Chemist: 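Supplied in structure tokens, the structure appears directly below.
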Number of protein chains: 2
Amino acid sequence: MSKPKQVTIVEVAKAAGVSIATVSNVLNRGGIRSSKETIRKVELAAEALGYRRNTMAAGLSRNKTYEIGLIVPGLTSYYGQLAEHLQIEAHQAGYHLSVFSSGGFDPDIERRNLEVLLQRRVDGLICHGLAMGIESTRSIVNSGTPLVLINGWNWPEDISIGSVNLGFAEASKQSCRVLADRGCEAIYYIGSKRSKAIDEQRRIGIEHGIQQYASHLFHEIIDFHGMDVEATLQALLARHTKPIGVIAFDDHIAFRLLSGANKLDIRIPDQLRIIGINNDYIAQQSYPGISSWDIPYTYQARMAIHKLLAKFGNQPIEDMEVREIEVPLTFIERETTHS
Amino acid sequence: MSKPKQVTIVEVAKAAGVSIATVSNVLNRGGIRSSKETIRKVELAAEALGYRRNTMAAGLSRNKTYEIGLIVPGLTSYYGQLAEHLQIEAHQAGYHLSVFSSGGFDPDIERRNLEVLLQRRVDGLICHGLAMGIESTRSIVNSGTPLVLINGWNWPEDISIGSVNLGFAEASKQSCRVLADRGCEAIYYIGSKRSKAIDEQRRIGIEHGIQQYASHLFHEIIDFHGMDVEATLQALLARHTKPIGVIAFDDHIAFRLLSGANKLDIRIPDQLRIIGINNDYIAQQSYPGISSWDIPYTYQARMAIHKLLAKFGNQPIEDMEVREIEVPLTFIERETTHS
DNA sequence: CTGTTAGCGCCTTCAC
DNA sequence: GTGAAGGCGCTAACAG
């Protein structure tokens, strides 16, 4: 069952008593002006017939789609927010953003989504991280479609035209400082190896932070995956007499730790201090509130879109000189680090 | 700056030494068989040249896009999950799903998204609720594009071909029962008028629940918007001696209540019992864990896609007889109702 | 089985 | 300022 036939410019032209070229001119606000009279006639006819321009035909004929594709690993918390903000920014720039999730970090789904987007001939691509390997990505993306990465550290220049990265390393580093300042006796980082590149940034920051602010303190890196929250908390606490500081991979993990601590009647922040990342709803609304790092979504989204537009040639070229933009996070202190 | 020219079937045909029709047959048309030999030649040539079919041209020519548009009010928690599952189901059916968020329940953004999708000539539309009014929706959607609603109760038949609704009313009703069974002295529903239709379903359920299971209990409906959580909790508790039961609009609100209660040292479930809806991460991981209703995302997504496919004529028609499918939720009991 | 030939709906020169 | 004509890349008959 195919779709009912839709109104085309041919019919609008007929109804308005002009040629299809004129209709096209009037409707697309092109550089070409028409007489007030024709404009009115055409708009009236279009309105009356319920004309709706066919994007495929337009795109095909002018070799430009005004569509940007977004691939993110999921649509929860951070990624969902990011997608929403990107959609808004894209729209303001006259583009529209099609969102695709690659279900976790599944390279196959990612490849498929990429393929779909390229077949649609999107004008540009925004990807968060990238689960596929470098070679694999290169072979697909080297079609000339501009690609900007979000939180994609160290990708070769022939693949991406640059990236917009959150300052996780710096945030993690400063987290160490906060915990040291607050008198913690030890600093633990609970990471998530699953999210490779992102976890790595945290580690880099932690390493620097320890070195610079807490070299005298005990410290350790633990992976959250497969960890028994309660047992771990008890074990860690048993080792120390003064409060210990924990930097969590993100607010979700911080929250798990918090729940575990509540259950075990561990006093916060007397015995345990926690810092998360993302400043999710969860961190804001829990009790005690979780100290966390806020993400400037709007700014990040705007930067990403601008980078793409610059590549399209619609924007001043200045931004292009900086390949990797670092977006700084803001520390929001709450009760898990502060009494 | 327009895109670099991409490879077309013309070039593939030339390279393979066959006609463009043959290339088209081999590459994208299953129905027509070709000799092993030509197939090999064509596939080789396509591969070598890096051919990628142009979706716009294909769609234009066959008047079918294999694209489904999704419009949801946001991409967080429930909506994000839903979108992901719909994407998976759509893919399994050979379609792809473009996700759009209408930022909260903004009718203007919704209208714009709808317009974009219709201009793309999507084969079908899935919308969650619908912020626009009936008339407004009708005038846009009466283009012949099939529309299935998710959680859209009572929309006229000429607009949607049916809807897939979560059984919020029944869940709310049963929540009353649970709270009554657990010996609560009063039942409060903390709703969210902002989410009109959804809140209304909860209310309907609550009303029935009270009537059937708790007519002897004190009960009241409160709107969360603008409410002072701690003050309210104290006021409510002051009224009663036995535990009170609270049904929250969703897990987010349940969580806020829980945090407030923790802060005020209100004992759970001794003094206060809470039931949420959605079974979010937040409900699963908080302490005490929040009793909640689990949503069968996969089932709901599958039903929605099937309804659409049926309309396309690819599927048996049987499902179509039921206009509104109700998807039942499952109660997950945790510590907020149970000691 | 393969090739020829029309479109699909729109945009874009280029004459008028 | 307006119209005629030639594509854009692909598919769908229909011949051969």
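These numbers come from a predicted model, not from an experiment. Chain A is the first sequence line, chain B the second, and so forth, proteins listed ahead of strands; every chain is numbered from 1. Below, all heavy atoms of this structure are taken into account, side chains as well, without hydrogens, waters or symmetry copies.
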Chemist: Remember a base hit wins even if backbone is also touched, and classify B:V18 as base, sugar-phosphate or nothing at under 4.0 Å, heavy atoms.
Modeler: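 Sugar-phosphate contact only - B:V18 comes under 4.0 Å of backbone atoms but never of a base.
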Chemist: Does B:K36 reach a base, just sugar-phosphate, or nothing at all? Heavy atoms under 4.0 Å.
Modeler: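 Nothing, no nucleic acid heavy atom in range.
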Chemist: Shoot me the first and last contacting nucleotide of DNA chain C against chain A, ordered 5' to 3', at under 4.0 angstrom to non-hydrogen atoms.
Modeler: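 Contact span on the strand: C:dG9 to C:dT12.
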Chemist: Of the listed nucleotides (D:dG3, D:dC8, D:dC10), which one gets closest to any side-chain atom of B:R53?
Modeler: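 Among D:dG3, D:dC8, D:dC10, the one nearest the side chain of B:R53 is D:dC10.
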Chemist: Does the distance from a Lys or Arg side-chain N to an Asp or Glu carboxylate O, for B:R138 and B:E135, drop under 4.0 Å?
Modeler: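 Yes.
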Chemist: Can you tell me how far C1' of D:dC14 sits from CG of B:N25, to the nearest Å?
Modeler: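 Atom-to-atom, B:N25 to D:dC14, this comes out as 13 Å.
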Chemist: Nearest-Å distance, CE (B:M56) to C1' (D:dC10)?
Modeler: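 So the CE-C1' distance, B:M56 to D:dC10, works out to 11 Å.
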Chemist: Quick check: does any side chain N or O of A:Q119 sit under 3.5 Å from a backbone N or O of B:T55, one acting as donor and the other as acceptor?
Modeler: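 It does not hold such a pair.
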Chemist: Check every strand shown and say whether B:V23 touches a base, only sugar-phosphate, or nothing at a heavy-atom separation below 4.0 Å.
Modeler: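 Contact class for B:V23: none.
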Chemist: Does the pair A:L117 and A:L70 meet the rule for a side chain to side chain contact (heavy atoms under 4.5 Å, CB included), with working shown?
Modeler: CA-CA 9 Å; A:L117 255 9; A:L70 171 70; over 6 Å; no
Chemist: Salt bridge between A:R121 and A:E67, side-chain N to carboxylate O under 4.0 Å?
Modeler: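 Not counted as a salt bridge, because no side-chain N and carboxylate O are separated by less than 4.0 Å.
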Chemist: Given atom CD of B:E11 and atom P of D:dG9, what is their separation to the nearest angstrom?
Modeler: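 Answer to the nearest Å: 8 Å.
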Chemist: Taking for each residue the nucleotide of DNA chain C with the nearest heavy atom, is it B:G17 or A:Q6 whose nucleotide lies nearer the 5' end?
Modeler: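 It is B:G17, whose closest nucleotide lies nearer the 5' terminus.
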Chemist: Does B:G152 offer a backbone N or O that forms a donor-acceptor pair with the side chain of B:S163 under 3.5 Å?
Modeler: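 A pair under 3.5 Å: yes.
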Chemist: Between A:Y297 and A:H85, what is the ring plane arrangement, given parallel below 30°, perpendicular above 60°, and tilted in between?
Modeler: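 Correct class here is parallel.
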Chemist: Can you figure out which of D:dG3, D:dC8, D:dT11 approaches the side chain of A:L60 most closely?
Modeler: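 Among D:dG3, D:dC8, D:dT11, the one nearest the side chain of A:L60 is D:dC8.
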Chemist: The side chain of B:A58 lies closest to which of these nucleotides: D:dG9, D:dT11, D:dG1?
Modeler: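 The answer is D:dT11.
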